[in-house]
Participant: 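Got a structure for you, questions after.
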Protein chains: 2
Amino acid sequence: MTTNAQSKLAARYGAHDIAPLDAWNETLDQLLDHRSVRSFTDQPLPEGTLETLVAAAQSASTSSNLQVWSVVAVQDAGRKKRLSELAGNQAYIHQAPLFLVWLADLSRVSRIAEQQGVELEALPYLESLLLGTIDAALAAQNAVVALESLGLGSVYIGGIRNDIEGVARELGLPAQVYPVFGLCVGYPSTERPAKVKPRLPQQAVLHHETYTTAGEEQVLSEYDARLGAFYQREGMKASGWSEQVVSRLRNVSSLHGREALLGELARMGFGLR
Amino acid sequence: MTTNAQSKLAARYGAHDIAPLDAWNETLDQLLDHRSVRSFTDQPLPEGTLETLVAAAQSASTSSNLQVWSVVAVQDAGRKKRLSELAGNQAYIHQAPLFLVWLADLSRVSRIAEQQGVELEALPYLESLLLGTIDAALAAQNAVVALESLGLGSVYIGGIRNDIEGVARELGLPAQVYPVFGLCVGYPSTERPAKVKPRLPQQAVLHHETYTTAGEEQVLSEYDARLGAFYQREGMKASGWSEQVVSRLRNVSSLHGREALLGELARMGFGLR
C-alpha cells in the first residue's frame with residue numbers, strides 16, 4: 001500500500017512533499033486520485049445510480065439538520081443543452097448522461113413556516129445564503145466521492161451562477177432557491193483521460209495555531225514551477241499558477257455575469273441583510 | 001454486501017425507502033454511515049494524520065484551480081478553549097485533540113496581484129465570497145471522508161461564524177479571509193456512541209427535470225413521524241422536524257451574532273458588491 005500512497009501524494013503535489021501514513025487505505029487512494037472529467041462516453045448510468053448518489057449526499061452533515069438544499073437531476077437532452085448555453089456553452093454539460101444542479105433551498109423551511117402561520121425572522125440574512133451554500137457543497141462533495149467509487153467521473157460547473165435567474169426559469173425554481181453549481185456525471189471517456197493536477201504545497205494552505213505568510217513567496221514560486229512542468233508534460237501552454245490566477249481575476253468580464261449575483265439573489269427572494 | 005447496504009439505507013432514511021445498487025461498495029457503506037461525533041477520547045492522532053487530511057482536502061475540486069481556501073490547525077489547549085467560547089461554548093471543541101478552522105481565503109491571490117502591481121477587479125463581488133465558501137466546504141468534506149476512513153470522527157462547528165472578527169483576531173487572519181466553519185477531529189468516545197440520524201425522504205430533496213412541491217406535505221409529515229420515532233428510540237424529546245425547523249429559525253436571537261455577518265465581512269475586506 002505504501003508505494004501506491006507515495007505515488008498518489010507525489011501526483012497530487014507534483015513533488016515528493018509528504019510521507020504517507022502507515023494506516024493509508026483505499027479510500028485515501030480514491031480521494032487523492034480525484035480529477036475533473038470533461039469527456040464522457042455515452043454509456044447510460046445503471047438504474048438506481050442517481051438514488052445512491054443522493055443517499056450519499058444526504059448523509060453529509062447539514063447545519064442543525066435543517067437540510068436547506070435540494071438537487072435537480074437533468075437528463076433531458078433539450079434541457080441539458082439550454083442549461084449548457086446558460087452556463088457558458090460547455091459541451092460536456094450536454095454530453096454527460098446526467099447533469100445535477102445543486103440548490104441552496106430556503107423555500108422548504110419557508111413553506112413549513114407559512115403553513116404554521118409563523119414568520120421566520122432569522123431567515124432574511126446573509127447567514128442563510130451561506131447555510132444553504134455550505135449544505136449544498138457538503139452534499140455534492142459526498143456525491144462526488146460516491147460516484148468515483150462506482151467508476152464514474154464528474155466536473156463541477158460554477159458557470160451555472162453566470163445567470164441564476166435564467167437557470168431558475170429553466171428549472172422552475174421557487175423564490176428563496178438558487179443554483180449553487182452544476183455537476184456533470186458519466187463514465188469517463190478513455191480517449192482523453194484526465195490527469196491529477198498538482199495543488200499548492202501544503203505550507204501554502206495549512207497553518208498551525210495562527211495564520212502566517214512567512215515563506216509564502218518561495219512556496220508559491222515553487223508551485224509555479226511545478227504546475228508549469230505539469231502543463232508542459234501534458235503538452236499544454238506552460239504558464240505558472242500566479243500568472244493564471246491574476247489573469248483569471250484581473251477583469252470583471254471574467255465573471256461572465258456573476259457580477260450581478262447580489263441583485264439577482266435579492267430579486268429571487270433572498271434577504272441578505 | 002446487499003444486506004449491509006439495505007441496513008445502511010434504512011438507517012439513513014429511518015425506513016426502507018430505497019433499494020441498494022448491485023454495485024454497492026465499502027465507500028458507500030462509509031458515506032451512509034456518517035454521524036457527527038460530539039464526544040472524543042483523549043487518544044492523540046497518529047503523526048502525519050493532519051497532513052493526510054489536508055492532502056485529501058486539497059484533492060477536492062476548486063473553482064478554476066484558484067484554491068481560495070486555507071485551514072488553521074489548532075491543538076493548543078488555551079486557543080481551543082478561547083475558540084470554544086467564541087463559538088457558543090461547545091465543550092467538544094476543547095475536548096477534541098484537533099480543531100480545524102476552515103477559511104475562505106482571498107488574501108493569497110490578492111498578495112500575488114499586489115506583488116505584480118495588478119488590481120483584481122473581479123474580486124470585490126459576492127461571487128468571491130461564494131467561491132471561497134464553496135472551495136472550503138468541498139475541501140473540508142473530503143477531509144471528513146478521509147478521517148472517517150481512518151476510524152476518526154468529527155463534527156462541523158457553524159458557531160465559528162457567531163463572531164468571525166473575534167475568531168480572526170484569535171487566529172491572526174489577514175484581510176479578505178473569513179472562517180467558514182470549524183471541525184472537531186478525534187477518536188469517537190465509545191461511551192456515548194453517536195447514531196445515524198434519518199434524513200428527509202428523497203422525494204423532498206431530489207427533483208427530476210424541474211422543481212416540484214407536489215406531494216411535499218405528505219412526505220414532510222412522514223419525515224416528522226420518522227424523526228420523532230428516532231428521537232424516542234434514543235430517549236430524547238420526540239419532536240418532529242417541522243417543529244424543530246420553525247423553532248430554530250423563528251427568532252433572530254437563534255443566530256447568536258450571525259445576523260451581523262454582512263457588516264463584519266465588509267470590515268474584514270470583502271467587497272460583496
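Every chain is numbered from 1, with letters handed out A, B, ... down the list of sequences. Everything numeric here is computed off the predicted structure, so don't read it as measured data.
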Participant: Count the heavy-atom pairs under 4.5 Å between each of R35(B), E51(B), Q202(B), H208(B) and chain A, then report the option with the highest count.
Facilitator: Q202(B)
Participant: I'd like to verify something: which residue of L126(B), L262(B), V71(B) has the highest number of heavy-atom pairs under 4.5 Å with chain A?
Facilitator: V71(B)
Participant: Show your working on side chain to side chain contact (heavy atoms under 4.5 Å, CB included) between I134(A) and Y156(B) and close with a plain yes or no.
Facilitator: CA-CA 11 Å; I134(A) 294 166; Y156(B) 282 101; over 6 Å; no
Participant: Within the distance-only criterion (no hydrogens, no angle test), does the side chain of Q141(B) pair as donor or acceptor with the backbone N or O of A60(A) below 3.5 angstrom?
Facilitator: no
Participant: Just say parallel, tilted or perpendicular for the rings of F181(A) and W102(A), cut-offs at 30° and 60°.
Facilitator: tilted
Participant: Would you mind checking which part of A19(A) comes under 4.5 Å of any heavy atom in chain B, side chain (CB onward), backbone (N, CA, C, O), both or neither?
Facilitator: neither
Participant: Let me know if L120(A) has heavy atoms under 4.5 Å from chain B in its side chain, its backbone, both or neither.
Facilitator: both
Participant: Quick one: which of N142(B), L261(B), L173(B), V144(B) has the most heavy-atom pairs under 4.5 Å with chain A, could you say?
Facilitator: N142(B)
Participant: Distance from R161(B) atom CZ to R258(B) atom CZ, nearest 0.5 Å?
Facilitator: 5.0 Å
Participant: Please state whether the side chain, the backbone, both or neither of S36(A) comes within less than 4.5 Å of a heavy atom of chain B.
Facilitator: side chain
Participant: Select, from L123(B), L129(B), V155(B), L130(B), the one with the greatest count of heavy-atom pairs under 4.5 Å involving chain A.
Facilitator: L130(B)
Participant: Considering only heavy atoms, which portion of R79(A) lies under 4.5 Å from any heavy atom of chain B: side chain, backbone, both, or neither?
Facilitator: side chain
Participant: Does any heavy atom of chain B fall under 4.5 Å from the side chain of E170(A), the backbone, both, or neither of them?
Facilitator: backbone
Participant: Heavy-atom distance under 4.5 Å to chain B: side chain of T49(A), backbone, both or neither?
Facilitator: both
Participant: Please state whether the side chain, the backbone, both or neither of I18(A) comes within less than 4.5 Å of a heavy atom of chain B.
Facilitator: side chain
Participant: Name the region of V245(A), side chain, backbone, both or neither, that has any atom closer than 4.5 Å to a heavy atom of chain B.
Facilitator: both
Participant: Which bit of K8(A) is near chain B, if near means a heavy-atom gap under 4.5 Å: side chain, backbone, both or neither?
Facilitator: neither
Participant: I'd like to know if R273(A) and E259(B) make a salt bridge, using a cut-off of under 4.0 Å between side-chain N and carboxylate O.
Facilitator: no
Participant: Y125(A) versus chain B, heavy atoms under 4.5 Å apart: side chain, backbone, both or neither?
Facilitator: side chain
Participant: Would you mind telling me which of N65(B), T52(B), L9(B) has the largest number of heavy-atom pairs within less than 4.5 Å of chain A?
Facilitator: N65(B)
Participant: Determine whether more than 12 heavy atoms belonging to other residues, nucleotides or ligands lie under 6.0 Å from atom CD of E216(B).
Facilitator: yes
Participant: Measure the shortest side-chain to side-chain distance between H34(B) and S61(A) over non-hydrogen atoms and say whether it is less than 4.5 angstrom.
Facilitator: yes
Participant: Shorter than 4.5 Å, heavy atoms on both sides: which option in D17(B), V68(B), T133(B), V74(B) has the most such pairs with chain A?
Facilitator: V74(B)
Participant: Answer with side chain, backbone, both or neither: which region of S107(A) has an atom nearer than 4.5 Å to a non-hydrogen atom of chain B?
Facilitator: side chain
